[in-house]
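The figures here come from the full heavy-atom set of this structure, side chains too, leaving out hydrogens, waters and symmetry mates.
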Amino acid sequence: MELPKNYEAKDYEAKLYEQWLESKVFEIDEHSNKPPFCIVLPPPNATGTLHLGHAVMLAIEDIMIRFKRMQGYESLWIPGTDHAGIATQARVEKELQGKGIQNPRKELGRERLIEEIKEFVAKSQNTIQTQMQSMGASCDWSRLVYTFDPKIHEAIHKIFIQMYDDGLIYQGARIVNWDPKMHTTVSDDEVEYENQKGILYYIQYGPFIVATSRPETKLGDTGVAV
């Protein structure tokens with residue numbers, strides 16, 4: 001038998017992962033007497049594909065969950081994806097603008113735009129799940145969750161109320177992006193940037209001078225690194 005000169009992961013690893021899924025080796029026994037160990041996968045945003053940071057996170061958590069299995073724990077790793085709210089909407093709107101729809105919210109309307117977002121998320125979720133499985137992540141895929149699921153919404157509402165009652169959620173003064181026309185805050189993903197000619201200010205800092213285009217931020221400085 002002649003061995004191939006190069007190892008091609010795609011020729012072997014997908015089949016091995018299918019065998020793992022069929023054997024349900026990643027699923028737990030709810031009636032087990034073993035001590036429990038559970039990790040909830042920080043859900044990746046459904047705005048595209050995974051990046052290197054996701055890969056590192058998956059590798060670290062996979063090591064933890066497999067190690068606990070070997071130690072005899074009933075180990076559960078719950079996977080999921082995040083709809084990412086405004087970030088996903090902004091991504092979809094930019095894609096629609098690239099197709100000639102300059103104002104998606106106005107031209108498509110609320111319901112049609114939501115359908116476009118759902119369609120984008122569905123494709124992105126499949127891509128993300130395939131990428132995680134390609135890395136060999138030993139998640140219990142029978143428990144896959146999505147942050148737009150009704151049960152997740154209910155859990156979020158309960159926790160939000162609980163945190164509010166515990167005094168962990170409060171109103172305070174913060175610097176935010178403000179829309180002067182709509183009279184509302186906007187996220188960083190909704191901000192539209194444009195280049196303008198500004199002023200460079202020079203400020204005396206003790207024995208030396210610093211230059212900045214944002215002098216208002218210097219009022220909070222507590223030190224300068226040179």
Are Glu119 and Arg112 close enough for a salt bridge, meaning some N to O gap below 4.0 Å? no

If the threshold is 4.0 Å, N to carboxylate O, is there a salt bridge linking Arg214 and Glu216? yes

For Lys218, does the NZ atom have more than 12 heavy-atom neighbours from other residues, nucleotides or ligands under 6.0 Å away? yes

Does CG belonging to Leu200 count more than 12 external heavy atoms closer than 6.0 Å? yes

Excluding sequence neighbours, so at least two apart, what forms side-chain contact (heavy atoms from CB on, under 4.5 Å) with [X]?
| X | answer |
| --- | --- |
| Arg110 | Ile114 |
| Leu16 | Gln19 |
| Asp140 | Glu27, Leu76, Ser142, Arg143 |
| Lys151 | Val145, Asp149 |

Using atom types as modelled and distance alone, determine if a side-chain donor or acceptor of Gln162 lies under 3.5 Å from a backbone N or O of Lys158. no

Does Gln133 reach the main-chain N or O of Tyr17 with its side chain, forming a donor-acceptor pair under 3.5 Å? no

Would Thr147 and Asp82 count as having a side-chain donor-acceptor pair, cut-off 3.5 Å? yes

In the hydrophobic clustering that connects Ile, Leu, Val, Met, Phe, Trp and Tyr at side-chain heavy-atom distances below 4.5 Å, which members other than Ile86 occupy its cluster, ordered by chain and number? none

Quick one: name the residues clustered hydrophobically with Ile161, using the 4.5 Å side-chain heavy-atom rule over I, L, V, M, F, W, Y, and just say none if it's on its own. none

Non-hydrogen side-chain atoms of Ile209 and Ile203 separated by less than 4.5 Å: no

4.5 Å side-chain heavy-atom contact, Arg69 and Phe37: no

List, one per line, each side-chain donor-acceptor pair under 3.5 Å for residues 122-132, sequence neighbours excluded.
from: Ser124; atom 1: OG; to: Gly48; atom 2: N; distance (Å): 3.3
from: Ser124; atom 1: OG; to: Gly48; atom 2: O; distance (Å): 2.9
from: Gln125; atom 1: NE2; to: Thr81; atom 2: OG1; distance (Å): 2.8
from: Asn126; atom 1: ND2; to: Ala122; atom 2: O; distance (Å): 3.3
from: Thr127; atom 1: OG1; to: Lys123; atom 2: O; distance (Å): 3.1
from: Thr130; atom 1: OG1; to: Asn126; atom 2: O; distance (Å): 2.9
from: Gln131; atom 1: OE1; to: Leu50; atom 2: N; distance (Å): 2.9

Check: Trp141 ring centroid to Phe26 ring centroid under 6.0 Å: no

Return all side-chain donor-acceptor pairs below 3.5 angstrom for residues 60-67, not counting sequence neighbours, or 'none' if the list is empty.
from: Glu61; atom 1: OE1; to: Trp77; atom 2: NE1; distance (Å): 2.8
from: Asp62; atom 1: OD1; to: Arg66; atom 2: NE; distance (Å): 3.2
from: Asp62; atom 1: OD1; to: Ser138; atom 2: N; distance (Å): 3.2
from: Asp62; atom 1: OD1; to: Ser138; atom 2: OG; distance (Å): 2.6
from: Asp62; atom 1: OD2; to: Arg66; atom 2: NE; distance (Å): 3.1
from: Arg66; atom 1: NH2; to: Gly136; atom 2: O; distance (Å): 2.9

Same cluster (ILVMFWY, side-chain, under 4.5 Å), Phe160 and Val40: no

Regarding Lys68 and the six-membered ring of Tyr73, is the cationic atom NZ or CZ under 6.0 Å from the ring centre and inside 45° of its axis? yes

Assess whether side-chain hydrogen bond (donor to acceptor under 3.5 Å, both in side chains) is satisfied between Gln97 and Glu95, documenting all intermediate values. CA-CA 5 Å; Gln97 288 169 348; Glu95 289 196 358; over 6 Å; no

State which residues pass side chain to side chain donor-acceptor pair (under 3.5 Å) with Glu2; sequence neighbours excluded, sorted by chain then number. none

Considering residues at least two apart in sequence or located in another chain, which fulfil the side chain to side chain donor-acceptor pair (under 3.5 Å) criterion with Tyr193? none

Results of salt bridge (Lys or Arg N to Asp or Glu O under 4.0 Å) for Lys10 - residues two or more places apart only: Glu8

Under the side-chain hydrogen bond (donor to acceptor under 3.5 Å, both in side chains) rule, what pairs show up with a residue in residues 202-211, not counting sequence neighbours? Tyr205-Asp221

How are the rings of Tyr7 and Tyr12 set to each other: parallel, tilted or perpendicular (split at 30° and 60°)? parallel

